[in-house]
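The next block holds one structure in the form of structure tokens; read it before the comments.
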Protein chains: 2
Amino acid sequence: MKGKIFIIEDEASIVQLIQHNLEKEGFVVSSSLNGNEGLKELKKFEPNLLLLDWMLPDLSGIDICKNIRRDINFKSLPIIMLTAKGEEEDKIKGLESGVDDYVTKPFSFNELSARIKAVLRRSDPKVVANELIFEDLKLDRIEKRVFRSDKEIQLGPTEFRLLEFFLTNPKRVYSRDQILETVWPNNVNVESRTIDVHIRRLRQSINIEGKKELIRTVRAAGYSLI
Amino acid sequence: MKGKIFIIEDEASIVQLIQHNLEKEGFVVSSSLNGNEGLKELKKFEPNLLLLDWMLPDLSGIDICKNIRRDINFKSLPIIMLTAKGEEEDKIKGLESGVDDYVTKPFSFNELSARIKAVLRRSDPKVVANELIFEDLKLDRIEKRVFRSDKEIQLGPTEFRLLEFFLTNPKRVYSRDQILETVWPNNVNVESRTIDVHIRRLRQSINIEGKKELIRTVRAAGYSLI
DNA sequence: TTAATTTGTAATATTTCTGTAACATTAAGA
DNA sequence: TCTTAATGTTACAGAAATATTACAAATTAA
């Protein structure tokens, strides 16, 4: 992940929170606490995406949006709006004024991160990886194919999502609960032991003769991609 | 994550929500529903961080803050204030009175969690660090791996937690009771001599040929990481 | 509709971990 | 040196966690 993200938001603590986490994900981040300043800095910074607070002390989010859309160099800069709860109606206006998505405060960072990637995948696929690669394992999100050492592997939908999940954070250990939350659609209730079975199926599929095991069991903790 | 967090907040449902989630993240959590009680319990509990409601039935958040800042042992205890929306002006006062950060209700748990980690990262990095390092010993919390002199070491779950515990405070001697309280899940009853056995197992695992012993026995007191 | 694939669960097998008791050794003071 | 309390060490049975298998229900493809 090598994209650049600019943040215009007046609450310093929110900026700090987002900036830190995005940087941890590999984005290059810069920010400004007010609109006018922000516009200038942004144009110097040339981000791949802008996170824009709706309510700013000097300029409104809409004004900034319009300004950006008027600038030939930033006509198609993806913008995600940060709105406070209760500004629902405004959201529509926001989308009309050329915003790509919006997130309502308070939001979790994971939610924001997912939105950012979704927007980037549409607007600027180069910035977001469509191919996830780990060692000799390759997963193509667009074509929905998986290869181990260039040999294609057939996976069921659930195993595919499971592997995709592991590939987004190799080496990191995930608990069964975390896996459930992320890999399974919300509001389904699945026994946590069920994951063991899917892990087994995934292992069986991606293991090929002579190559090493790729999924590690960490007792009392969960599983990880090696 | 083995840090200790104390909560003073009168809304039981909020306490429950926070406590449950923080425990899921590995924090040890204790709480009180009112100010005066809370102050006493807090000082026994010795948390790494305090979550403090702004509006309490008996004492105000500010009063508690001041009390804490007056106590030499808690002068630098990080405090995050929980404020209701619309108390914005108060926030300033809060920060002046020695609060490290504040979160406005309603907040998402993820937001709170990020703030907590941000504050701890500043004030007490060992509590939230991903890698704990002491001499040639390295423990990775995310990957759940342990290395001695770059050689990976396999540990059982209990030995892992035990080592993690020692690594957050090297050189400090812990009694068997302290170890039990922190390393073992609450409400389990384990013989105190059981710890000796785990210490032995841990020693055996992390000792490698030609390298020095890392766990020190302090007769009549307990154990420490050198 | 039928056939094929995928899913979740329960039952069973296997592996690994834990706590304890019993015995051995060590340190420190009388 | 002897005594005693504290710690070290070992072995083992039961517990707990994970692996594996089989199967029926659900979903999808043909």
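Here the structure is a predicted model, which is why all the values come from computation and not from measurement. We name chains A, B, ... by the order of the sequence lines, and we start the count at 1 in each one.
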Expressed in angstrom and rounded to an integer, what is the separation of [X] atom [atom1] from [N] atom [atom2]?
{"X": "B/Arg176", "N": "C/dG19", "atom1": "CZ", "atom2": "P", "value": "15 Å"}
{"X": "B/Arg161", "N": "D/dA16", "atom1": "CZ", "atom2": "C1'", "value": "13 Å"}
{"X": "B/Glu213", "N": "D/dG8", "atom1": "CD", "atom2": "C1'", "value": "11 Å"}
{"X": "A/Asn207", "N": "D/dT20", "atom1": "CG", "atom2": "C1'", "value": "15 Å"}
{"X": "B/Leu162", "N": "C/dC17", "atom1": "CG", "atom2": "C1'", "value": "14 Å"}
{"X": "A/Gln154", "N": "C/dT6", "atom1": "CD", "atom2": "C1'", "value": "14 Å"}
{"X": "A/Leu202", "N": "D/dT20", "atom1": "CG", "atom2": "C1'", "value": "16 Å"}

Heavy atoms of other groups near B/Lys43 NZ, more than 12 under 6.0 Å: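 More than 12 within 6.0 Å, yes.
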A/Lys75 NZ: over 12 foreign heavy atoms closer than 6.0 Å: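 Yes, because the 6.0 Å sphere around NZ of A/Lys75 holds more than 12 heavy atoms from other groups.
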Working for ring-ring contact (aromatic ring centres under 6.0 Å, His included), residues A/Phe165 and A/Tyr174: CA-CA 10 Å; A/Phe165 172 68; A/Tyr174 289 100; 4.3 Å; yes
Minimal non-hydrogen separation, A/Tyr102 against A/Ile80, with atom names: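 Taking A/Tyr102 first and A/Ile80 second, the nearest heavy atoms are CA-CG2, 4.2 Å.
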Any Lys/Arg nitrogen of [X] or [Y] sitting under 4.0 Å from an Asp/Glu carboxylate oxygen of the other?
{"X": "B/Arg203", "Y": "B/Glu213", "answer": "yes"}
{"X": "B/Asp196", "Y": "B/Arg176", "answer": "yes"}
{"X": "A/Arg145", "Y": "A/Glu152", "answer": "yes"}
{"X": "B/Asp100", "Y": "B/Arg69", "answer": "yes"}

Helix axis bend for the helix from C/dT1-D/dA30 to C/dA30-D/dT1 - C1'-based end axes, five pairs, 10° rounding: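 Nearest ten degrees gives 30° for this helix.
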DNA chain D: 5'-proximal contact among A/Gln204 and A/Asp196 (nearest heavy atom):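 That would be A/Asp196.
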DNA chain D: 5'-proximal contact among B/Ile199 and A/Arg200 (nearest heavy atom):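 Closest to the 5' end, via its nearest nucleotide, is B/Ile199.
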Sugar-phosphate, base or nothing in reach of B/Tyr223, heavy atoms under 4.0 Å: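 Sugar-phosphate contact only - B/Tyr223 comes under 4.0 Å of backbone atoms but never of a base.
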Sugar-phosphate, base or nothing in reach of A/Val188, heavy atoms under 4.0 Å: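 The residue A/Val188 makes no contact with any strand.
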Summary of protein contacts for nucleotides 20-30 of chain C, nucleotide by nucleotide, where a base hit scores B, a sugar-phosphate-only hit scores S (4.0 Å, heavy atoms): BB----BS---
Output yes when at least one side-chain N/O atom of [X] is less than 4.0 Å from OP1 or OP2 of [N], else no.
{"X": "B/Thr158", "N": "C/dC17", "result": "no"}
{"X": "A/Thr217", "N": "D/dT18", "result": "no"}
{"X": "B/Trp184", "N": "C/dT18", "result": "no"}

Whether B/Glu9 side chain and B/Glu11 backbone form a donor-acceptor pair below 3.5 Å: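 The answer is yes, because a donor-acceptor pair under 3.5 Å joins these two groups.
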